[in-house]
Q: 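A single structure is presented below for examination.
Any value given below was found using the heavy atoms of this structure, including those in side chains, with hydrogens, waters and symmetry copies removed.
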Amino acid sequence: MASFLVASISVTHAAPKTYTENEFLSTFSGKNKKVITDKLGAPFKKEMSVKPSGANTVMLKAGADESKSKPVKVEMWYYKNIVKYDPKRTYKETEITFVNDKAMNIAFFNNR
């Protein structure tokens, strides 16, 4: 009987780690993709930012010269139910926005 209990305990899956808002922000803000993937695993969804049509014209009018600036890659990663907003409930989604592979913005959502 004892060996059956040990075997069944080792087969159960651990619940994914959850964080408070402050824990999540202090742990992941400014980190690169590898650090985040190592701790959270792969996101359930990824999106790439797309420059809107006509953006170059607007930027030139504002005095920005794209030929003199470095390229910027913006990507959003989404995780489900990993950040708590009270002891019993988690946000439905957490979005991490990377700018050139560094976490620059983190947002929590319940309305998606």
Side-chain angles (χ1 to χ4, degrees):
M1 177 93 169
S3 62
F4 174 76
L5 289 175
V6 172
S8 64
I9 291 172
S10 64
V11 173
T12 60
H13 298 292
K17 177 165 174 47
T18 57
Y19 300 83
T20 66
E21 293 167 329
N22 288 334
E23 287 172 336
F24 194 87
L25 293 171
S26 63
T27 302
F28 298 108
S29 291
K31 301 298 190 277
N32 64 36
K33 290 178 181 179
K34 181 177 179 350
V35 170
I36 291 172
T37 303
D38 288 348
K39 291 189 179 188
L40 298 178
F44 81 90
K45 178 172 73 171
K46 293 181 182 182
E47 291 182 356
M48 294 295 293
S49 176
V50 178
K51 184 188 278 187
S53 63
N56 289 339
T57 305
V58 173
M59 295 302 292
L60 284 172
K61 287 180 183 178
D65 185 359
E66 189 174 321
S67 65
K68 294 180 182 175
S69 64
K70 295 179 183 178
V72 176
K73 178 183 170 191
V74 179
E75 185 176 359
M76 289 76 66
W77 286 10
Y78 299 90
Y79 290 90
K80 289 187 179 219
N81 302 313
I82 60 171
V83 178
K84 293 180 182 182
Y85 60 91
D86 72 22
K88 295 183 180 181
R89 295 180 287 195
T90 62
Y91 288 104
K92 290 179 184 176
E93 283 187 11
T94 299
E95 176 188 272
I96 304 172
T97 303
F98 294 93
V99 177
N100 293 338
D101 294 334
K102 186 176 180 183
M104 298 300 286
N105 189 57
I106 296 172
F108 311 111
F109 299 99
N110 272 332
N111 59 352
R112 291 186 176 203

Q: Please round to the nearest 0.5 Å and tell me the distance separating atom NZ of K84 and atom CZ of R89.
A: 12.5 Å

Q: Assigning hydrophobic clusters by single linkage (Ile, Leu, Val, Met, Phe, Trp, Tyr; side-chain heavy-atom cutoff under 4.5 Å), is Y78 placed with F98?
A: no

Q: So which heavy atom on I36 is nearest to which on A103, and how close?
A: CD1-CB, 3.9 Å

Q: Hey, could you give me the OH/CD1 distance between Y79 and I96, rounded to the nearest 0.5 Å?
A: 5.5 Å

Q: With heavy-atom distances below 4.5 Å as the criterion, would you say the side chains of E75 and K33 are in contact?
A: yes

Q: Nearest 0.5 Å, what's the CD1-NZ distance between I106 and K31?
A: 9.5 Å

Q: Kindly assign one of parallel, tilted or perpendicular to the pair F28 and Y19, based on the angle between their ring planes and the thresholds 30° and 60°.
A: perpendicular

Q: Can you sort out the partners of K34 under salt bridge (Lys or Arg N to Asp or Glu O under 4.0 Å), two or more places apart, ordered by chain and number?
A: D38

Q: Could you check whether any side-chain N or O of S26 sits under 3.5 Å from a backbone N or O of E23, counting only pairs where one atom can act as donor and the other as acceptor?
A: yes

Q: Using atom types as modelled and distance alone, determine if a side-chain donor or acceptor of Y91 lies under 3.5 Å from a backbone N or O of A107.
A: no

Q: Starting from F44, can I reach L40 by hopping between I/L/V/M/F/W/Y residues whose side chains sit under 4.5 Å apart?
A: no

Q: N81 versus T18: any side-chain heavy-atom pair under 4.5 Å?
A: no

Q: If two hydrophobic side chains count as joined below 4.5 Å and joins carry through other members, does M76 share a cluster with V99?
A: yes

Q: Look at the side-chain heavy atoms of Ile, Leu, Val, Met, Phe, Trp and Tyr, link any pair under 4.5 Å apart, and say whether V74 and M104 land in one connected group.
A: yes

Q: Taking the side chain as every heavy atom from C-beta outward, state whether K73 and M48 have any pair of such atoms under 4.5 Å apart.
A: yes

Q: Inspect the surroundings of CG in D86 and state if more than 12 heavy atoms from other residues, nucleotides or ligands are less than 6.0 Å away.
A: yes

Q: Would a single hydrophobic cluster contain both L25 and W77, if residues Ile, Leu, Val, Met, Phe, Trp and Tyr are joined by side-chain heavy-atom contacts under 4.5 Å?
A: yes

Q: Could you check T90, N110, T20 and say which one makes a side chain to side chain contact (heavy atoms under 4.5 Å, CB included) with Y85?
A: N110

